[in-house]
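The analysis underlying the following values was restricted to heavy atoms, covering all of them including side chains, and did not include hydrogens, waters or symmetry mates. Fair warning: this is a prediction, and the values are worked out from it, not measured in the lab.
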Amino acid sequence: HESDFVILDNFERNQKTAWGSSARGSPYLHITSDSPHSSIRRAVVSDGRLIAPPLGKEQSKIATYTGVDVGRLPHGVEAGVIFGPGAPGGAVALISTSAGVRSLRDITGWHGDGASGSVHMVFTDTVTLVQYFDCGKLITVKEMKYERLPRRHRGYHIGWSYAGNGLFQVYLPNGRVEEFINSDMATKLGRFVVFEHYYKRGQAETMMDWIGVR
């Protein structure tokens with residue numbers, strides 16, 4: 001299974017910042033902000049996991065974007081995710097885009113640019129959303145609910161894969177695998193893969209204990 005990955009990081013090293021190597025030999029890419037009031041922060045590695053930093057007094061939510069240039073269209077993006085205590089809603093998003101990892105518009109796309117956008121799959125401890133951004137608009141293809149997952153030390157396996165001809169598979173954290181076809185979403189696949197943490201104050205924080213791309 002692991003030999004299929006061109007990127008696999010289980011964060012065993014006790015790094016203070018997320019720093020690895022891609023198939024192209026580049027460090028991880030980040031969308032971040034220096035403003036103390038911004039909700040966009042840089043993910044860090046702590047105790048062998050990729051985590052979002054804690055909320056500051058200035059933030060009501062946190063979003064982190066850790067990316068890598070795969071150098072080709074990905075066949076799949078996967079991760080092991082741990083859901084911490086708190087209300088449902090804390091999420092991990094597994095994203096693919098052709099634009100890069102410099103600003104949020106690389107993910108959301110630009111209005112009027114028909115080629116812009118991204119594949120955007122969101123996983124929480126109660127629901128998974130199959131989505132894509134098209135020219136700045138977020139389109140939800142499918143919503144898959146399940147009973148709230150219990151908190152545990154080992155990460156739940158999440159991910160998605162693309163088999164061609166618009167056919168996607170989604171690996172839900174409860175073990176289910178869903179399959180669907182959406183050719184429009186497939187046009188948003190790109191060589192840049194992004195792992196996002198997202199949570200609001202009071203929601204379950206998320207941690208990744210490994211990430212991989214096929």
Side-chain angles (χ1 to χ4, degrees), residues 5-56 58-74 76-82 84 90-110 116-123 131-133 136 138 155 158-160 188-201 203 205-214:
F5 285 87
V6 295
I7 305 163
L8 179 64
D9 198 335
N10 56 13
F11 306 113
E12 287 182 346
R13 299 173 304 282
N14 188 24
Q15 302 152 298
K16 293 185 178 180
T17 59
W19 194 257
S21 62
S22 75
R24 299 171 62 84
S26 303
Y28 282 133
L29 307 168
H30 298 272
I31 299 172
T32 189
S33 173
D34 294 328
S35 169
H37 301 286
S38 175
S39 62
I40 302 174
R41 287 292 179 259
R42 187 184 181 104
V44 297
V45 174
S46 177
D47 295 326
R49 295 168 180 161
L50 183 66
I51 66 171
L55 283 165
E58 300 86 358
Q59 290 98 27
S60 60
K61 61 184 179 182
I62 288 286
T64 75
Y65 302 89
T66 304
V68 68
D69 180 0
V70 182
R72 58 163 176 80
L73 295 184
V77 182
E78 301 178 36
V81 60
I82 297 169
V92 164
L94 304 182
I95 299 165
S96 172
T97 178
S98 62
V101 190
R102 300 159 299 178
S103 73
L104 287 183
R105 285 190 174 179
D106 288 335
I107 294 173
T108 62
W110 299 78
S116 70
S118 64
V119 171
H120 188 264
M121 308 267 193
V122 180
F123 301 82
Q131 301 175 317
Y132 68 97
F133 277 100
L138 181 61
I158 61 171
W160 57 265
K188 304 305 176 183
L189 288 166
R191 60 189 265 187
F192 297 93
V193 169
V194 183
F195 300 86
E196 176 188 355
H197 299 83
Y198 179 86
Y199 72 97
K200 295 180 180 179
R201 189 175 298 278
Q203 289 182 336
E205 299 177 29
T206 54
M207 299 158 274
M208 289 178 243
D209 58 11
W210 61 269
I211 58 176
V213 178
R214 288 186 284 112

Please tell me if the side chains of [X] and [Y] come closer than 4.5 Å, counting only heavy atoms from C-beta onward.
X: Leu29; Y: Phe192; result: yes
X: Tyr65; Y: Ile40; result: yes
X: Lys188; Y: Phe133; result: no
X: Met207; Y: Val81; result: no
X: Thr66; Y: His30; result: yes
X: Val122; Y: Gln131; result: yes
X: Ile51; Y: Glu205; result: no
X: Tyr199; Y: Leu55; result: yes

Is it the case that the side chain of [X] and the backbone of [Y] share a donor-acceptor pair, with hydrogens and angles ignored and the cut-off at 3.5 Å?
X: Arg102; Y: Ala99; answer: yes
X: Arg41; Y: Ser33; answer: yes
X: Trp160; Y: Leu94; answer: yes
X: Asp209; Y: Gly155; answer: yes
X: Thr206; Y: Gly90; answer: no

Write down the atom of [X], the atom of [Y], and the distance for their closest heavy-atom approach.
X: Arg191; Y: Leu73; value: N-CD2, 4.2 Å
X: Phe195; Y: Glu78; value: CE2-O, 3.7 Å
X: Thr97; Y: Gly117; value: OG1-O, 3.1 Å
X: Ser103; Y: Ile31; value: O-CD1, 3.4 Å
X: Ser38; Y: Gln59; value: O-NE2, 3.2 Å
X: Arg72; Y: Arg214; value: NH2-C, 3.1 Å

Near-ring test Tyr132/His120, centroid separation under 6.0 angstrom: no
Side chain to side chain contact (heavy atoms under 4.5 Å, CB included) assessment of Asp47 paired with Phe11: CA-CA 8 Å; Asp47 295 326; Phe11 306 113; over 6 Å; no
Residues His197, Thr64; criterion side-chain hydrogen bond (donor to acceptor under 3.5 Å, both in side chains); working and verdict: CA-CA 5 Å; His197 299 83; Thr64 75; 2.8 Å; yes
Inter-residue atom distance Ile211.CD1 - Ile158.CD1, 0.5 Å rounding: 11.0 Å
CE-CG distance between Met208 and Asn10, expressed to the nearest 0.5 angstrom: 14.0 Å
side-chain contact (heavy atoms from CB on, under 4.5 Å), paired with Ile107, selected from Ser96, Ser118, Ser116: Ser118
